[in-house]
Amino acid sequence: MPELPEVEIVKQSLQNKVLHRKINKIKIANKNLRFKVKKNIENILKKRITKILRISKYLIIEFKNLEYLIFHFGMSGTLHFIKNKNLKDTNLSFYHSKSLPKKHNHIEFMFDNFKLVYNDPRRFGFIEYISSKNDLKNYFFKIGPEPLNKKFNFLYLKNILKNKNRNIKNFLLDQKYVSGLGNIYVNEILFLARISPNKLCKKIDNTEITKIIKFSKIVLGKAIKKGGSSIRDFKNSEGIKGSFQAEFSVYNRKNKKCLRKGCNGVIHRILISNRSTFVCQNCQIIKKNY
DNA sequence: CCGTTAACCTGAGAGC
DNA sequence: TGCTCTCAGGTTAACG
């Protein structure tokens, strides 16, 4: 589910609610997420929340004395803010759980007047405790810059692309070079930049590098403004859906008309590394010898 | 080094 | 109704 914009939306929708609050109790209904949830997450109990951060697709809660909980939402993880009055959660339907909305509520963080519930049907997400600022730094040492960061600039991309014999789509999805992009936004960026997802990195020219940078920032910025993309059921912590899916240029638009003015092309769905890839073969010329 | 495949999971939606 | 099949906002190990 969540790429950078969706995690940013969760962060924003959570910030005012949990800042300066304390968690009194953690209920673990199912610790079998992607990694087993360890008991040490309880180290943050009764410690004041000092910050909510986001690094690429990770949500990070900072506690007093610089201890942290980090969340990764995998494909289907969501974090819900629920007031005590609504503890029955009758009005909330979670991702992929219309009939049994509470079935996949795995972890509950109990505050004084509310709780945060981590729901994740597929359990690809995870939660970890980090004990110091230095450990946090080390944890993210290996991931690349976000497209919104100034480190993601022409020289950085130019240098890193020039010798790479792999296609640009897989490169942009590789979190160690660029972090925060997922399948939706990479499809959108390459369409707007009019670059074939199959094109080899080393053949990406200067103009195209500039376009990738430009459209990465534009697409992510717009998606955040629109509350993220809810192609199934992504919701922020208040249960509100995003609306950027209404503005997709290519993603999920198989067999539909290309939206670029003057183009009569049709959007095709192809597979790259077994993941859905949407292209207009007019706008994004695909050559076999790329 | 590179792409693909499978694996980790559950559920929605399509087609029969 | 129900069965089977495909697909899904992610990541990563193993293989060729």
Side-chain angles (χ1 to χ4, degrees), chain A residues 1-10 30-36 54-59 70-79 93-106 119-128 139-140 142-144 160-189 197-203 219-220 223-224 226-236 241-248 250-255 269-278 288 290:
Chain A
M1 172 240 333
E3 303 179 37
L4 186 154
E6 288 74 36
V7 182
E8 177 64 23
I9 291 307
V10 173
N30 184 357
K31 62 183 176 201
N32 295 308
L33 302 184
R34 170 136 180 252
F35 306 124
K36 274 213 163 73
R54 179 194 55 72
I55 296 180
S56 67
K57 301 177 188 174
Y58 296 81
L59 181 81
I70 63 178
F71 293 77
H72 192 290
F73 298 108
M75 288 285 262
S76 58
T78 45
L79 205 45
S93 72
F94 295 131
Y95 176 93
H96 278 177
S97 309
K98 282 170 183 152
S99 51
L100 291 169
K102 295 169 73 171
K103 184 176 173 189
H104 301 291
N105 288 355
H106 306 308
N119 180 280
D120 189 354
R122 297 179 73 182
R123 286 186 277 120
F124 291 165
F126 58 88
I127 300 170
E128 286 198 70
Y139 192 93
F140 292 105
K142 53 207 171 308
I143 73 162
I160 210 156
L161 291 175
K162 68 181 174 202
N163 297 320
K164 292 237 169 322
N165 246 323
R166 68 192 301 200
N167 69 59
I168 186 68
K169 189 197 179 203
N170 280 342
F171 170 83
L172 290 174
L173 284 171
D174 192 332
Q175 305 294 304
K176 68 174 177 282
Y177 300 119
V178 192
S179 71
L181 299 180
N183 205 28
I184 291 180
Y185 296 107
V186 167
N187 271 290
E188 292 295 308
I189 290 162
N198 279 316
K199 189 161 185 175
L200 290 186
C201 292
K202 66 180 181 188
K203 300 207 172 176
V219 167
L220 294 183
I224 292 169
K226 294 285 176 176
S229 302
S230 300
I231 63 173
R232 278 177 186 70
D233 242 350
F234 164 73
K235 289 169 183 169
N236 70 16
K241 287 189 177 191
S243 63
F244 190 67
Q245 66 282 3
E247 301 186 24
F248 288 165
V250 280
Y251 188 83
N252 248 352
R253 298 197 64 250
K254 183 183 168 186
N255 293 337
R269 175 181 177 269
I270 61 175
L271 287 179
I272 293 179
S273 292
N274 260 340
R275 300 200 73 185
S276 278
T277 305
F278 299 89
K288 280 179 184 163
Y290 264 161

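Within every chain, numbering begins at 1; the chains are lettered A, B, ... in the order of the sequence lines, protein sequences first and strands thereafter.
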By nearest atom, which of the nucleotides [options] is closest to the [X] side chain?
X	options	value
A/S273	B/dT5, C/dG10, C/dC7	B/dT5
A/N170	B/dT4, B/dT10, C/dT11	B/dT4
A/M75	B/dT5, C/dA8, C/dT11	C/dA8
A/N167	B/dG3, B/dC9, B/dG11	B/dG3
A/R166	B/dG11, C/dC7, B/dC2	B/dC2
A/K164	C/dG10, B/dT10, B/dC2	B/dC2
A/K103	B/dG11, C/dG10, B/dT5	B/dG11

Can a side chain N or O of [X] be found less than 4.0 Å away from OP1 or OP2 on [N]?
X	N	result
A/N165	B/dC1	no
A/R275	B/dT4	no
A/K57	C/dT11	yes
A/Q175	C/dG10	no

Salt bridge (charged side-chain N to carboxylate O under 4.0 Å, His left out): pairs with one or both residues in residues 163-181 of chain A, sequence neighbours excluded: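 For residues 163-181 of chain A: A/R166-A/D174, A/D174-A/K176.
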Using a 4.0 Å heavy-atom cut-off across all strands, classify [X] as base, sugar-phosphate, or nothing.
X	value
A/D120	nothing
A/S276	sugar-phosphate
A/L173	nothing

Aromatic stack A/F124/B/dC8: centroid gap under 5.5 Å, interplanar angle under 30°: yes
Contacts of A/Y177 that satisfy ring pair (Phe, Tyr, Trp, His ring centres under 6.0 Å) - sequence neighbours left out: A/F171
Pair of N/O donor and acceptor under 3.5 Å linking B/dC9 base with A/R123 side chain: no
C/dC7 to B/dT4 separation - P atoms, rounded to the nearest Å: 16 Å
Euclidean distance for P, C/dT6 against B/dT5 (whole angstrom):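 Those two atoms are separated by 14 Å.
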Set of salt bridge (Lys or Arg N to Asp or Glu O under 4.0 Å) partners for A/E128, sequence neighbours left out: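 Salt bridge (Lys or Arg N to Asp or Glu O under 4.0 Å) check on A/E128 returns nothing, list empty.
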Salt bridge (Lys or Arg N to Asp or Glu O under 4.0 Å) partners of A/R54, counting only residues at least two apart: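 By the salt bridge (Lys or Arg N to Asp or Glu O under 4.0 Å) rule, A/R54 matches A/E8, A/E146.
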Which atoms of nucleotides 14-16 of chain C (N or O only) lie under 3.5 Å from a protein N or O atom, and what are those distances?
none

DNA chain C base-pair string [pairs: Watson-Crick or G-U under 3.5 Å; |: paired with another strand]: .|||||||.|||||||
